[in-house]
Participant: 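Sharing a structure below in C-alpha cells format, with a few things to ask.
Here is the naming used below: chain letters follow the sequence lines, and residue numbers restart at 1 for every chain. What you are looking at is a predicted structure, and each value in this text was computed from that prediction instead of being measured.
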2 protein chains.
Amino acid sequence: MRESGPSPTGPTAGTALLLRLVRDGRPRTRAELAAESGLARSTVAERLDTLLDSGLLCHTDKGPSTGGRPPSLYAFNPGARVVLAADIGATHLTAALTDLSGEVLAEENVSLDVAAGPDVVLEELCRLGGALLDRADRARGDLMGIGIGLPGPVEHRSGRPTNPPIMPGWDGFDVPGFVGGRLGAVTLVDNDVNIMALGEHRAHWAEAEHMIYVKVATGIGSGLIAGGRLHRGSQGVAGDMGHVRLPHGAELPCRCGNVGCLEAVAGGSALARRLTEMGSPVRTSGEVAALARGGSVAALTLVRQAGRDIGEVLATAVSFFNPSVIVIGGALSLAGEHLIAGVREVVYQRSLPLATRDLRIVQSRAGERAGIHGAALMVVEHALGPAHAESPVPEGLPVPIR
Amino acid sequence: MRESGPSPTGPTAGTALLLRLVRDGRPRTRAELAAESGLARSTVAERLDTLLDSGLLCHTDKGPSTGGRPPSLYAFNPGARVVLAADIGATHLTAALTDLSGEVLAEENVSLDVAAGPDVVLEELCRLGGALLDRADRARGDLMGIGIGLPGPVEHRSGRPTNPPIMPGWDGFDVPGFVGGRLGAVTLVDNDVNIMALGEHRAHWAEAEHMIYVKVATGIGSGLIAGGRLHRGSQGVAGDMGHVRLPHGAELPCRCGNVGCLEAVAGGSALARRLTEMGSPVRTSGEVAALARGGSVAALTLVRQAGRDIGEVLATAVSFFNPSVIVIGGALSLAGEHLIAGVREVVYQRSLPLATRDLRIVQSRAGERAGIHGAALMVVEHALGPAHAESPVPEGLPVPIR
C-alpha cells in the first residue's frame with residue numbers, strides 16, 4: 001500500500017498537514033500552526049474547525065498570555081477514534097482495541113491454529129473485534145481501521161498472503177475483503193515481523209533513521225526501517241534472512257525445501273530438536289530460552305552459536321544497509337544476553353568497521369507488545385501520515401532564486 | 001545531508017511544490033497547478049511570478065482554447081541554472097557542466113592521480129569548473145551548485161571523506177569548504193558508486209522503487225535506491241559489498257587488511273593478477289573485460305566465476321532488500337553477458353523465490369555517464385526536490401472525518 005500518491009486537492013491536504021504537526025504531542029496555537037504549515041491563516045482556521053468537529057483535535061490549556069486574552073491551544077486527541085489491531089501467530093490470535101497513539105484499551109488472546117484456515121481464524125477475529133468494541137464501549141463507526149499481522153509473506157498492497165508456508169488455505173485469500181466487509185472498516189495486512197519492526201521502532205527507537213528488527217523464534221525473519229519508514233521491498237518480502245544459506249549448514253534440510261538455511265541451523269525448532277537429542281526434551285523456542293536462562297550448559301552453548309550464525313547473515317546486511325540499531329526480538333531472544341553476545345561477536349568482527357562504528361545491537365524493549373503496537377500504528381499512519389513526518393516540501397532552496 | 005527538515009515557512013514552500021509538479025516535463029495551466037498543489041489560486045499566482053522572475057519557470061505554448069482566450073502554460077526551464085558535476089576516480093577526473101535536467105553542456109576529462117591529495121585534485125577541479133563555465137558562456141552566478149563523486153567512503157552530511165583506503169591525505173578533508181569557497185556555490189559530495197546509482201536510476205529505471213546498482217571494477221561496491229531515494233545508511237556507507245567475506249575465499253588477502261573479501265576474490269585487480277599468472281599479462285578491469293570479449297577462455301571462465309561470487313553476496317542482499325532491479329555496471333561489466341550470467345545463476349538459485357519472481361538483473365545502460373548524471377541530479381534534487389516527488393501529504397484520509 002503506497003502511503004503517497006497523486007498530489008492532494010481540496011480540504012484534506014491542509015487537514016492532514018495540520019494533524020501531522022500536532023501528532024508530535026505538543027499543543028500549538030493557531031498562529032504557530034499557520035507558521036509551521038505554511039498555510040494561510042484563513043485556511044488554518046477553516047481546517048481547524050473541520051478537525052475540531054471530527055474530534056481528532058481538541059482545545060487544551062490556554063497558551064501563555066501576552067497581555068490580552070491568552071490564545072487557544074490545539075492538541076491531537078488520540079481517543080477520537082479506535083483501531084482494531086491483530087497479531088496472528090502459528091498457534092495464537094491476539095486482538096486489541098487501541099487508541100490513535102497505539103495505546104491498548106482492551107485486549108483478547110486466544111489459542112488458535114492458523115492452519116485452521118482463513119475463514120475460521122478471521123471469523124474469530126471479527127467476533128473478538130465486536131466483543132472488544134462492546135467492552136470498551138465504542139461504536140463500530142469509531143473504527144478508523146483494522147491492522148493485521150500474519151505469520152507469512154503478505155502482498156501488502158492487496159493484503160493477500162503469498163505462498164505462506166505454514167498457512168494452508170491462505171494463499172491469495174482476500175483478508176481485507178473478508179474482515180473489512182464484516183466490520184466495515186479499512187483493513188491493512190502485513191507480515192508479522194514487519195509490524196513488530198514498526199511497533200518496536202515507533203515505541204523505542206523513533207530517533208533511529210535506519211533499523212533492522214530481527215525476530216528469532218521457530219523461524220528467523222527481519223523487518224527493515226529505512227529513513228524512518230518500513231521498507232517492504234518490491235514483492236513485500238524484504239527482511240527475509242531465515243533462508244539465507246550458511247556455509248557450514250549445508251547438510252541440514254529446511255522446511256522451505258532447501259538445505260543449510262539459517263533457520264534450519266539456528267531457528268528455535270532446530271535448537272529444540274538438538275537439545276532433545278542431547279537428552280533435554282524441549283519443543284518450543286520459549287522452552288529453549290527457559291533452559292538457557294536456567295543455566296543449562298548445552299542450551300547456552302547452542303544459543304550462543306545460534307547468535308553467531310545469525311550474526312554471520314546480519315554482517316552482510318549491516319554492510320549493505322548500514323543501520324544504526326539492530327533489535328533482537330522473538331521468543332529465543334528471552335534466553336538472555338547469550339544470543340545477542342553471539343550476534344555481536346560476529347557482526348562487529350565481520351562488518352565494515354565504519355558500518356559498526358556507532359551500531360548498537362540490543363534486545364527488544366517492546367517484547368510481545370511490538371506486534372499489536374505496530375499493527376495499530378500501521379493503520380494510524382496510513383490514515384494520518386507518520387507522526388514525526390518529514391517536511392512535506394524541501395526546507396527551502398539552498399541557493400537564492402534570482 | 002538530510003533532504004528534509006523542519007516544516008517550511010514563507011514563500012519557498014509553495015514555490016518548491018510548484019517546481020516539483022512541473023519538473024515531470026508536462027506544462028500546466030495556473031488552474032491545474034492550483035488544483036494539483038492544493039494551494040490557493042492567489043498563492044499560486046504570486047509564486048508563479050517569483051518563479052518566472054527566477055527563470056526556473058517559463059511560459060510555453062498556449063493550452064487548448066475553451067472558447068475564450070487560451071490559458072497560459074507554465075513549464076520548467078532546465079536551462080535557468082547550471083550544475084558543475086565531477087566524477088573523481090582513482091586516476092581520472094571528469095568534470096561537466098550540466099543543465100538542471102542533468103544534460104551535459106560541456107565536459108572535460110583529465111588523467112589525475114587521486115593520491116596526489118585534495119589540494120591538487122580539487123584545485124584542478126576548480127580550474128576546470130571555471131573553464132567549463134567560460135566555454136558554455138555561463139556566469140559563476142548561474143551555478144546552482146556543485147556535485148562531486150569520490151572513490152571512497154564519504155560522510156555525505158559534511159562532505160568529508162572518511163578513512164578512504166586509496167585516497168591518502170583526504171581523510172576528513174573539508175571538500176565543500178574548499179570547492180564551494182573557491183567557486184561560490186553549494187557543494188555536495190558522495191561516494192562514486194552512490195552517484196552512479198542515482199544517475200542510472202534517474203536516467204533509466206525511474207519507475208523502479210527499489211534498485212541495487214553494483215559497480216564491478218578494481219573494487220566492488222553498490223548503491224541502493226529505496227523508495228526512489230538513495231539509501232545512504234547511518235554512516236553513509238550503505239552498499240558496501242566488496243568486503244563481505246566469501247566462504248571459499250578465506251586464503252586471499254584483501255587491501256582492507258582482512259582475508260577472503262569478495263573484492264579480493266572477484267574484483268578486477270584479482271582477476272588481472274590471476275590472468276597474468278596464467279600467461280595473459282593484463283593490469284586493469286578494462287583489459288580483463290577486453291580479453292573476455294575477445295574470446296579468451298581463461299578470461300571468460302574467470303569472469304563467469306566472478307559473477308557467481310558476486311551473486312553469492314547479492315543473493316543475501318536480495319533476500320533482505322527485495323529490489324525489483326539489479327544493475328551491473330563498472331569496467332568489468334563490459335565483459336559482455338558472462339559476468340551477468342554468473343550473477344543470475346547464483347541469485348536466482350539462492351534467493352527467496354518470491355524475491356526473485358519479478359527481479360531483473362541487467363547491464364548498466366548509462367555506462368560511464370551514470371556518475372556525472374548522478375552528481376548533477378544530487379545537486380538539483382537537493383535544491384528542488386525529486387522530480388517525480390511523492391505526495392507532500394497523504395492522499396487524504398481513507399476514512400471520512402466525522
Side-chain angles (χ1 to χ4, degrees), chain A residues 3-9 12-13 16-17 35-38 40 50 54 144-145 153 162-163 186 209-210 226 231 233-235 237-241 243-245 247 313 316-317 319-324 350 352 354-355 357-358 382-383 385 390-399 401-402, chain B residues 3-9 12-13 16-17 35-38 40 50 54 56 144-145 153 162 186 209-210 226 231 233-235 237-241 243-245 247 313 316-317 319-324 350 352 354-355 357-358 382-383 385 390-399 401-402:
Chain A
E3 312 271 317
S4 62
S7 288
T9 57
T12 49
L17 184 48
E36 291 184 42
S37 67
T50 309
S54 76
M144 172 171 270
T162 320
N163 298 320
V186 171
E209 244 190 300
H210 312 296
H231 174 81
S234 296
Q235 256 67 41
V237 294
D240 178 74
M241 59 182 283
H243 304 286
V244 168
R245 196 186 298 191
V313 175
T316 302
S319 295
F320 264 100
F321 191 67
N322 188 201
S324 58
R350 288 282 176 86
L352 194 70
L354 256 176
R357 203 175 55 185
D358 299 318
H382 172 69
E390 299 169 88
S391 170
V393 287
E395 57 210 62
L397 308 176
V399 285
I401 295 186
R402 296 170 309 131
Chain B
E3 311 272 317
S4 64
S7 289
T9 58
T12 49
L17 184 48
E36 291 185 41
S37 67
T50 309
S54 76
L56 288 169
M144 171 171 272
T162 319
V186 170
E209 243 189 302
H210 312 296
H231 174 81
S234 295
Q235 255 67 42
V237 294
D240 177 75
M241 58 181 283
H243 304 286
V244 168
R245 195 186 298 188
V313 175
T316 302
S319 295
F320 264 100
F321 191 67
N322 189 200
S324 58
R350 288 283 176 87
L352 194 69
L354 255 176
R357 202 176 54 185
D358 299 318
H382 173 70
E390 298 168 88
S391 170
V393 287
E395 57 210 61
L397 309 176
V399 284
I401 295 186
R402 292 173 313 130

Participant: Of all heavy-atom pairs between A:Pro323 and B:Ser234, which one has the smallest distance, and what is that distance?
Facilitator: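 It is C-OG, 3.3 Å.
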Participant: Suppose we screen for side chain to side chain contact (heavy atoms under 4.5 Å, CB included). Which residues come up paired with B:Asp240, at least two apart in sequence or across chains?
Facilitator: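 Partners of B:Asp240 under the side chain to side chain contact (heavy atoms under 4.5 Å, CB included) test: A:Ser319, A:Leu352, B:His243.
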Participant: Do the ring planes of A:Phe321 and B:His231 sit parallel (below 30°), tilted (30 to 60°) or perpendicular (above 60°)?
Facilitator: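 Ring orientation, 0 to 90° scale: parallel.
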Participant: Check whether B:Val237 gets within reach of chain A through its side chain, its backbone, both or neither, counting any heavy atom under 4.5 Å.
Facilitator: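 Answer is both: backbone and side chain atoms of B:Val237 are under 4.5 Å from chain A.
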Participant: Applying ring pair (Phe, Tyr, Trp, His ring centres under 6.0 Å), can you list everything that pairs with B:Phe320, at least two apart in sequence or on another chain?
Facilitator: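 B:Phe320 satisfies ring pair (Phe, Tyr, Trp, His ring centres under 6.0 Å) with no other residue.
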Participant: Tell me the closest heavy-atom pair linking B:Pro153 and A:Leu354, and the distance in Å.
Facilitator: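 B:Pro153 and A:Leu354 have their closest heavy atoms at CB-CD1, 3.7 Å.
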